[in-house]
Amino acid sequence: MKKLIAGNWKMNGSQAMTQDLLGEINSGLNGALLDNCEFLVFPPSLYVPTALKNNGPYMRVGVQDCSVHESGAYTGEIAAPMIKDIGCSHVLLGHSERRQYHGESDETVCDKAKAAYVQDLVAVICVGETESQREEGKAFDVVGEQIAKAVPETATADNTVIAYEPVWAIGTGKTASADDVAEMHSFIREKLAERFSDSENFYILYGGSMKPENAAELLNTPNVNGGLIGGASLKADQFLAIAKAAT
Ligand code: PEP
C-alpha cells in the first residue's frame with residue numbers, strides 16, 4: 001500500500017500561488033516518491049480549475065466540501081455532480097473546521113459522503129476528538145461514534161478514506177504521540193472491521209501539525225496509511241519533505 005500524502009490548503013492562496021506551488025511540487029515528484037506515495041490536494045474551490053491545469057500527471061485534486069443536494073436553490077453550495085464534472089476525484093468531508101464553524105453533524109457528513117459516492121468521488125471523512133474530550137478520557141468513544149454515524153453503510157476501501165485528526169493538534173503545532181496515533185488508528189481499523197469486509201484496505205490518514213520533523217515517525221506508525229497536511233502543504237519543500245519521510 002502506497003502512502004497517501006494529501007494537502008488541505010483550507011482558505012489560503014491565489015491563482016498565482018496555486019500555479020507556482022503545484023509547479024514546484026510536481027518538479028520534485030521523482031521516482032522514489034512516486035514509487036512509495038500517492039498525492040492529493042484540496043485547494044479552495046475557486047482555484048480548483050487552476051489546480052487542474054497545473055496538477056501534472058501525479059497530483060489528484062479534490063474539493064474541501066460538498067452539498068448533500070444534487071442541484072437547486074442552495075446558494076453558495078457546490079454539488080457533487082459539479083465536482084465530478086470539473087474533473088476532481090476526491091471530496092474532503094467533516095473537517096473539524098466545518099464541524100466547528102458550520103455546525104456539521106455526523107449525519108450531515110454521512111449524507112454528503114453518499115452524495116459523493118453517487119458521482120464516484122472518493123470521500124475523505126475526517127474524525128477526531130477535542131482536547132477536553134481527550135482529557136476526559138472520551139477520545140475513543142467520540143471517534144467510535146463519528147465512525148459509526150458519519151461513514152455510510154455503502155462505504156468501501158475504494159470510495160472512502162478516513163482521516164484521524166485530533167482537533168487539538170490541528171494548526172497548533174501539537175502532535176499526537178506515535179503511541180496515541182497507533183492506538184487510535186488500530187481502534188479505527190477495528191471499528192471498520194465490524195462493518196466492512198474490506199476494512200484492511202481502507203486508507204487511514206493522520207492529520208494534525210504534521211511536518212517534516214515528525215512525519216517519518218507518524219507515517220511509519222502501524223495503520224497510518226498517509227497524512228492529511230494543512231499548514232505544511234502550503235510550502236512545496238515541506239510537502240515534499242513529508243512525502244520523502246514516508247519512503
Ligand atoms: C488540517 O487542516 O487538516 C490539518 C491537519 O492542519 P495542520 O497540518 O495545519 O495542523
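All ligand and atom numbering here is 1-based and tracks the order in the structure. Below, each value reflects all heavy atoms present in this structure, side chains not excepted, and no hydrogens, waters or symmetry copies.
Numbered from 1 in the order shown, with element, the atoms of ligand 1 that lie under 4.0 Å from a heavy atom of Gly231 read 7 (P), 8 (O), 9 (O). Residue-ligand proximity, Leu228 to ligand 1, at heavy-atom distances under 4.0 Å covers atoms 3 (O), 5 (C). Atoms of ligand 1 lying under 4.0 Å from any heavy atom of Asn8, numbered from 1 in the order shown and given with element: 1 (C), 2 (O), 3 (O). Short contacts between ligand 1 and Lys10, defined as distances under 4.0 Å to a heavy atom of the residue, involve ligand atoms 1 (C), 2 (O), 6 (O). Interface of Gly208 with ligand 1, defined as ligand atoms under 4.0 Å from a residue heavy atom, comprises 5 (C), 10 (O). Near Ser209, meaning under 4.0 Å from any of its heavy atoms, are these atoms of ligand 1: 7 (P), 8 (O), 10 (O).
Thr130 and Gln133 form a side-chain donor-acceptor contact under 3.5 Å, judged by distance and modelled atom types alone. Checked by atom type, the side-chain pair Ser186/Asn223 shows no donor-acceptor distance below 3.5 Å. Inspection of the Glu129 and Tyr164 side chains reveals an N or O donor paired with an N or O acceptor under 3.5 Å.
Contact between Gly171 and ligand 1 is present, with at least one heavy atom of the residue lying under 4.0 Å from the ligand. Not a single heavy atom of Lys211 lies less than 4.0 angstrom from ligand 1.
Within 6.0 Å of CD on Gln15 lie no more than 12 heavy atoms contributed by other residues, nucleotides or ligands.
When hydrogens are left out, the protein atom nearest atom 8 (O) of ligand 1 is Gly230 N, 2.8 Å; that is the closest non-hydrogen contact. When only non-hydrogen protein atoms are considered, atom 3 (O) of ligand 1 lies nearest to Glu165 OE2, 2.7 Å. Among protein heavy atoms, the minimum distance from atom 1 (C) of ligand 1 is reached at His95 NE2, 3.3 Å.
When heavy-atom distances to ligand 1 are checked against a 4.0 Å cut-off, Ile170 comes that close through both its backbone and its side chain. The backbone of Ala169, and not its side chain, has at least one atom closer than 4.0 Å to an atom of ligand 1 (non-hydrogen atoms only; backbone = N, CA, C, O).
Within the 4.5 Å cutoff, no side-chain heavy atoms of Ile83 are placed close to those of His90. The shortest distance between side-chain heavy atoms of Phe39 and Leu33 falls below 4.5 Å. Phe196 is not listed as a side-chain neighbour of Thr156, based on a closest heavy-atom distance of 4.5 Å or more. Side-chain contact check for Val48 versus Cys88: some heavy-atom pair is nearer than 4.5 Å.
Between the side chain of Asn12 and the backbone N or O of Trp9 there is at least one donor-acceptor pair closer than 3.5 Å.
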